[in-house]
Amino acid sequence: MRGSPEERAAVRRSFKRMNLKEKAAYIATYYKLPLFTAFVVIAVAVTSVIHQITKKDVVLYAAEVNIVMGEDLTRTLTEDFLSNQGLDIKKNEVLVYQGLYIDEDPANENHQFAYASKLKILGAINARQMDIVFMNDNAYSQMSSSGLLLPMDTALQQDPELYEQLKPFLREETVIIEDNSIEYDLNESDTYEAVTEQQINAVDVSSLPVFRNAQMDGSLYIGVIANTTHIEEVRAWLAYLFSIK
């Protein structure tokens, strides 16, 4: 409060003579900004504390691309997996990106959605926040050709027993090693040229019991993202998946 000592004393005497309603109106009028600032500071502090208390450790990042699995199936592949591993679901989670759609040649009405999904996928991968991906045929072809998937022999090299178990379900797709797409898009080249190779980089899980009632069109593939930082958890999750009867 500014002013001379006499002025401040007069204000205090006047304040004491006010009734409760008048005091509330006075405080609201003259102390609105400091009170609001204090409220914001307290609210931010409380929110931060609550976030730290309720924050879960992400054990694995997964993504659904061009597919929808549904709540029950998602719960089986996330919370039930954590329980199977002896992890508390209140403190840990398998984070699943849902509603992602990509297409090589999307229709006009899907173009923006496909573009936004592609950016989200690439952003999560660059942030090392994507480990496994559920894909249909179209998504598998694109994820593979872009070099985003880890070869399965590399993913499973530390667990030869699991590799042998998954071997009948492993699938290969084309991977573009290098191409002239930039020059072609800029009309600096008349033809598109690419150097490719075939890589075994996904698991076809369409026939597994856990997906029997999933009602998905076509095949369902699972791939491991090339720069995953949770390879041990990925192997544990695949082993769990193939143990479900």
> With a 4.5 Å heavy-atom cut-off, do V224 and L149 have their side chains touching?
Replying inline: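 Not touching, per the 4.5 Å side-chain cut-off.
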
> Under the side chain to side chain contact (heavy atoms under 4.5 Å, CB included) criterion, do I102 and Y115 qualify, and how do the steps go?
Replying inline: CA-CA 7 Å; I102 58 176; Y115 181 72; over 6 Å; no

Could you check whether [Y] and [X], counting side-chain N and O atoms only, form a donor-acceptor pair closer than 3.5 Å?
| X | Y | value |
| --- | --- | --- |
| D179 | Y192 | yes |
| Y140 | N66 | no |
| Y240 | D80 | no |
| Q198 | T174 | yes |
| Q142 | N138 | yes |

>> With salt bridge (charged side-chain N to carboxylate O under 4.0 Å, His left out) as the rule and sequence neighbours excluded, what pairs involving residues 62-75 come up?
In response: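 Qualifying pairs, neighbours excluded: D72-R75.
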
>> Treating N180 as the side-chain partner and T191 as the backbone partner, does any N or O pair qualify as donor plus acceptor under 3.5 Å?
In response: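 Looks like yes, one N/O pair under 3.5 Å.
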
> Any donor-acceptor pair under 3.5 Å linking the side chain of S117 with the backbone of Y101?
Replying inline: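 Yes: the side chain of S117 pairs with the backbone of Y101.
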
> Taking everything shown except D190 itself, do over 12 heavy atoms lie less than 6.0 Å from its CG?
Replying inline: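 No - once you tally the heavy atoms of other residues, nucleotides and ligands closer than 6.0 Å, there are 12 at most.
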
>> I'd like to know whether CD of Q98 has more than 12 heavy-atom contacts from other residues, nucleotides or ligands below 6.0 angstrom.
In response: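 Enclosed.
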
> Quick check, are the ring centers of Y61 and W237 under 6.0 angstrom apart?
Replying inline: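 No; W237 has its ring centre 6.0 Å or more from that of Y61.
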
>> Which heavy atom of N201 sits nearest to which heavy atom of S144, and what is that distance?
In response: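 Minimum heavy-atom separation between N201 and S144: ND2-OG, 2.9 Å.
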
>> Could you walk me through whether V203 and M152 satisfy the side chain to side chain contact (heavy atoms under 4.5 Å, CB included) test, starting with their C-alpha distance in whole Å, then the side-chain angles of each, then the deciding distance to 0.1 Å, before giving a yes or no?
In response: CA-CA 8 Å; V203 188; M152 294 307 297; 3.6 Å; yes

> When you check the gap from the basic side-chain N to the acidic O, do D204 and R171 get nearer than 4.0 Å?
Replying inline: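 Looking at R171 together with D204, the answer is yes, because their closest N to O distance falls below 4.0 Å.
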
> After noting the C-alpha distance and the side-chain angles of E173 and S141, does the key distance pass the side chain to side chain contact (heavy atoms under 4.5 Å, CB included) rule?
Replying inline: CA-CA 7 Å; E173 250 296 351; S141 175; 4.1 Å; yes

>> In this structure, would L166 and V234 fall into the same cluster of hydrophobic residues linked by side-chain contacts under 4.5 Å?
In response: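 Result: yes, single cluster for both.
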
>> Is there a side chain to side chain contact (heavy atoms under 4.5 Å, CB included) between F113 and L100? Walk through the geometry before answering.
In response: CA-CA 8 Å; F113 183 42; L100 299 175; over 6 Å; no

